[in-house]
Amino acid sequence: MKRIALLGMPNTGKSTLFNRMTGASARVGNWPGITVELLTGRILLGGDMVEIIDLPGMYDLHGFSEDEQVVRHFLHDNVPDLALIVLNATQIERQLSLLLQLKQINLNMVVLLNMADEAKKFGITIDTAKMTEALGIPIFLLSAKYGAGYGEALQAITKALRYTTPGMAEHLRDQLKSDNQIEAEMARVLRHSVQVPARLPDNLTDQLDRLMLHPWLGLPIFFGVMYFLFQAIFFLGQPLQTGVNDLFTWLRDAAIAPLLAILPAALQGLLLDGIYNGVATVAAFVPLIVLFFLFMAIVEDTGYLSRAAFLMDALMAKMGLDGRSFVMLLMGFGCNVPALMGTRVMRSRSLRLLTMLVIPFSLCSARLQVFVFITAALFSPKAAPLVLFSLYLFSFGTAILTALLFKGYLPNSEPFVLELPPYRFPTPRQLVLRGWHEVYHFIHRASKFIVAGVVMVWLLTHLPPSAAPASADTLAGMVGAWLHPLFKPIGITSELTIALIFGFVAKEIVIGSLAVIYGLGGEALSHSLALQLDWVQAYSFMLFTLIYTPCLSAIATLRSESKDNGFTLFSVAWSLVLAWLVSFIFYQGARWLGY
Amino acid sequence: MGESPFLYRIMPAVALSTLVPGESATIVAIHTEGPLHQRLLAMGFRTGKPIELIRRARFSGPLQVRIGTTDILLRGNEAEKIMVKKT
């Protein structure tokens, strides 16, 4: 099968073009010579199936960024039959250098000058015929977003595929000439074919930025936007999540449970409470992920995410993070899973890993449920809001502490020189495709891990079969007893330890598991907890719940996003150690003070 | 003093980080190396190119500059290494 590689600088609409070409058929895949996964799609072109690969955006063929190295290694080990070079027509003066570098390595190529619609608005005129002549490469103007010029370009691509790449991409870097020569060549090509007005007209972007990046109003507007996003995603998402849960419960009671009734009770339990609940856990995340990426795609595609980087950089740089990390951290307060997936917008691996290490400390809505229940049971209505607020402070505090502690180990290698793209309208097609890709990715990568984890916890809390579920006689009870010396200094009882083992799967089930462990529900459980625990123990339990591993789905996502088991293990271990230390200091401190 | 051609010639180059928003200048030297240098070149930073400081973020945050049709964000310590002459 012939291969077409998409190449270009960031912000050229390369991915939009890729989506237009491949639609929903795109999948992630591994390639020889590189460690990151690339999106690929197969389409029918001129009667033959061809594979299209979306390479990461690059500024410079001999650049040092991770993405630039990925592209170099990819080209070295997987020479494409055709390279589609996507350039931003509004920045043609600058981007031509990349084209000339690529031309020197003798790839068979077609050049697409994207964002023709924007260039026209800027008053930039490009004579593609003259440029084709000057460069000796077919060049087309198009708008990948709106589709203008797409048909013509596709025909040229089909035609160019008949002649495959003649040279090999060996000694890629040796062949590259000095920048001076590239510059002279750039001037020659541009002189005849491109006209850019001396001063750009004052456009909508400038006017909007005067407000959005205003010295005083910029930050309040940013927090307003974030608040709105948060509300939109999680207040729309939670009913949907509940709906999916209800649907699965209904399906279970109406169809699956009766169907399995002939099986032995233990097997029924494993299938229903283990595997089926695992699948339901995965499914409950789907509406949240779709909504999250729908809104994130809007923030990203409109160009506002780069503005967030501008506004928040002064504060975040001290923690080794940047403004985009801050956006993801905030979104983590709704749900950590999509926030972890969203870190993909950061192209520097160490910046991404540091952000992923920090996000799990965001007090997500599932943990909030636990805290609301326990605060209501053990604190007066007057104290409850303060208690909840203090937990949010601990959440921020642990996140900042983690960033400060580990920024030295994960130094950001990418220079902070970002492009500030003009504001753009995302198209519905782009948004829908994004949501679909992310859900597919999550299900494909994380579901097995999550189901396996749910089954494991079910086994722990139900074996041996003779023991009452989640009681002290089960494996979980034994683990709880065994861990007791560790949890005693932080005031956590063995019943609560079993609840923490459940909480490893999902915080949503912590209260439910307490109901099973105590054999009580609702009001009765609240009373029983209030009798057995004092507020210091309860607060210590909440601190531990806040800081230790958010949930199995978050771990599965950490693993699938970092593709590094060591890092995932470290993140889990660090959160456990930190949870224990914070709870210990709090519990012993409070006791020492006489509480 | 930017009015006089003579004064312009002897006017010392200053760091990009010292410009005030709205001021235009010409890049005269880029004292960076490695990845940062490559990135700056790719973003369109070249000696002789006109550059404009659009705005600065609060709390000594990044600078927004414009070269040709591209708007770029960079931090103050990076902008210190780029020498310009005001126009």
Side-chain angles (χ1 to χ4, degrees), chain A residues 9 11 58-65 68 88-95 97-98 101 118-119 122 124 179 182-183 186 196-200 205-206 209-210 213-216 218-219 303 306-307 309-318 322-323 413-422, chain B residues 15-17 19-84 87:
Chain A
M9 289 196 187
N11 297 311
M58 60 169 352
Y59 286 108
D60 191 328
L61 192 57
H62 39 201
F64 295 95
S65 80
E68 283 156 349
N88 180 343
T90 63
Q91 300 177 344
I92 180 73
E93 295 174 286
R94 173 165 77 81
Q95 302 206 342
S97 63
L98 179 66
Q101 289 181 337
E118 272 184 27
F122 275 127
I124 298 171
D179 287 324
I182 294 245
E183 216 150 319
M186 269 169 83
V196 180
R199 246 198 105 71
L200 294 178
T205 291
D206 287 326
D209 271 343
R210 237 168 268 150
L213 302 181
H214 187 273
W216 292 109
L219 277 174
S306 310
R307 267 85 189 168
F310 175 80
L311 291 166
M312 289 302 298
D313 189 67
L315 300 173
M316 299 308 283
K318 291 186 182 68
D322 81 357
S413 52
E414 205 98 328
F416 184 86
V417 181
L418 287 180
E419 214 181 307
L420 198 66
Chain B
L16 174 62
S17 53
L19 294 189
V20 291
E23 252 182 333
S24 295
T26 306
I27 301 174
V28 291
I30 304 171
H31 300 301
T32 54
E33 44 196 54
L36 178 61
H37 193 71
Q38 295 280 5
R39 176 60 60 85
L40 289 175
L41 286 182
M43 285 288 191
F45 286 81
R46 303 277 154 104
T47 49
K49 280 243 181 168
I51 187 168
E52 186 188 351
L53 182 74
I54 307 293
R55 60 170 60 81
R56 291 164 179 279
R58 292 207 73 76
F59 314 113
S60 43
L63 286 73
Q64 178 188 349
V65 297
R66 182 169 296 165
I67 300 176
T69 51
T70 310
D71 280 24
I72 300 140
L73 302 181
L74 73 169
R75 287 183 179 147
N77 47 359
E78 265 109 52
E80 270 169 26
K81 297 174 190 148
I82 298 163
M83 303 308 287
V84 298
T87 46

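Residue numbers begin at 1 in each chain, while the letters A, B, ... track the order of the sequences.
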Between the main-chain N or O of B:Thr70 and the side-chain N or O of A:Gln91, is there a donor-acceptor pair closer than 3.5 Å? no
Honestly, the part of A:Met9 sitting under 4.5 Å from a heavy atom of chain B is side chain
On a heavy-atom basis, the closest approach of B:Met43 and A:Val417 is CE-O, 3.4 Å
If one checks every heavy atom of A:Leu98 against chain B at 4.5 Å, the contacting part turns out to be neither
Scored by heavy-atom pairs under 4.5 Å with chain B, the best of A:Leu213, A:Leu311, A:Thr90 is A:Leu213
If one checks every heavy atom of B:Leu63 against chain A at 4.5 Å, the contacting part turns out to be backbone
**Request:** Apply the test salt bridge (Lys or Arg N to Asp or Glu O under 4.0 Å) to residues A:Asp206 and B:Arg66: give CA-CA distance (whole Å), side-chain angles for both, the deciding distance (0.1 Å), then the verdict.
**Result:** CA-CA 11 Å; A:Asp206 287 326; B:Arg66 182 169 296 165; 2.7 Å; yes
The interface call for B:Arg39 against chain A, heavy-atom contacts under 4.5 Å, is side chain
Bottom line for A:Asn88: the part with an atom under 4.5 Å from chain B's heavy atoms is neither
Nearest heavy-atom contact between A:Ala314 and B:Arg58 is CB-O, 3.6 Å
Self-check item: Side-chain donor/acceptor of B:His31 to backbone N/O of B:Lys81, under 3.5 Å
Solution: no
Counting heavy-atom pairs under 4.5 Å with chain A, the top scorer among B:Leu40, B:Leu74, B:Leu73 is B:Leu73
Under 4.5 Å to a heavy atom of chain B? For A:Glu93 that would be side chain
Q. Do side-chain atoms of B:Gln64 reach the backbone of B:Asp71 as a donor and acceptor pair under 3.5 angstrom?
A. no
